[in-house]
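Predicted model only: the values in this text are computed from it and were never measured.
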Amino acid sequence: MNPQTFHDHIDQHRRLAQTTLALDEALGTHHGIGWSDLLLLDLLQTEGHPVATTHAAARQGLTPARLLLQILPMEKLGLVQRARSPDGARSLALAPAGKRVLKEARYTAEAVLGLGN
């Protein structure tokens with residue numbers, strides 16, 4: 001690999017980490033969620049129906065166990081709902097409070113990202 005290309009990737013990763021940190025701070029302060037939580041809420045809204053937890057984990061780049069650690073507090077806050085189908089498959093859905101928080105948190109994230117009008 002070209003050494004410059006390698007360092008370009010490192011620099012890109014560091015910029016992303018700084019942006020994620022700023023998003024986590026702003027979203028946590030104003031909405032009580034982090035960037036990864038907003039991403040999950042957005043996924044659930046985009047899908048528009050209950051999403052298999054294995055699918056949600058894969059889309060988030062997480063193991064199912066790590067996703068569970070993320071969703072437990074979100075479930076307690078009423079942002080997401082977990083369900084189990086008769087065949088035992090587990091799914092997630094966006095709760096009404098999650099829809100509200102997602103809508104509000106998007107404005108905050110857009111402001112941090114410099115996307116506001």
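From E25, atom CD reaches atom NE2 of H30 across 9.0 Å, with rounding to the nearest 0.5 Å. Of the inter-residue distances, the one linking M74 atom CE with Q81 atom CD reads 12.0 Å to the nearest 0.5 angstrom. Taking CD1 from I33 and CG from L41, the interatomic distance works out to 5.5 Å, rounded to the nearest 0.5 Å. From R66, atom CZ reaches atom CD1 of I71 across 11.0 Å, with rounding to the nearest 0.5 Å. In this structure, the separation between CG on L62 and OG1 on T53 is 11.5 Å, given to the nearest 0.5 Å.
L77 is not listed as a side-chain neighbour of V101, based on a closest heavy-atom distance of 4.5 Å or more. L67 is not listed as a side-chain neighbour of T54, based on a closest heavy-atom distance of 4.5 Å or more.
Summarising the geometry of S91 relative to P50, their closest heavy-atom pair is OG-CB, 3.8 Å, with the distance given to 0.1 Å. Nearest approach of V112 to A22, heavy atoms of both residues: CG1-CB, 4.0 Å. Nearest heavy atom pair, residue A97 against residue G78, reads CB-O, 3.4 Å. Closest of all the heavy-atom pairs between Q60 and L40 is NE2-N, 3.4 Å. Smallest separation of non-hydrogen atoms from L94 and L79: CD1-O, 3.7 Å. The two residues A26 and T108 make their nearest non-hydrogen contact at CB-CG2, 3.8 Å.
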**OP:** Just do the side chain to side chain contact (heavy atoms under 4.5 Å, CB included) check on R82 and L68 with the steps written out, would you?
**Re:** CA-CA 10 Å; R82 290 190 297 159; L68 180 62; 3.2 Å; yes

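Hydrophobic clustering of Ile, Leu, Val, Met, Phe, Trp and Tyr side chains at less than 4.5 Å, counting indirect connections, unites W35 with L115. A single hydrophobic cluster is seen to contain both L72 and L92, as judged by linkage of ILVMFWY side chains at heavy-atom distances under 4.5 Å, directly or through other members. L39 and L21 sit in two unconnected hydrophobic clusters of ILVMFWY residues. Membership requires side-chain heavy atoms under 4.5 Å apart, directly or through other members. Hydrophobic clustering (side-chain heavy atoms under 4.5 Å, transitive across Ile, Leu, Val, Met, Phe, Trp, Tyr) keeps Y107 apart from L102.
Listed for the D11 side chain is no donor-acceptor partner under 3.5 Å among the backbone atoms of D8.
With salt bridges taken as basic N to acidic carboxylate O contacts below 4.0 Å, none links E110 and R106.
Under a cut-off of 6.0 angstrom, the local environment of CD in E104 is crowded, with over 12 non-hydrogen atoms contributed by other residues, nucleotides or ligands. Heavy atoms of other residues, nucleotides or ligands lying less than 6.0 angstrom from NE2 of H49 number more than 12.
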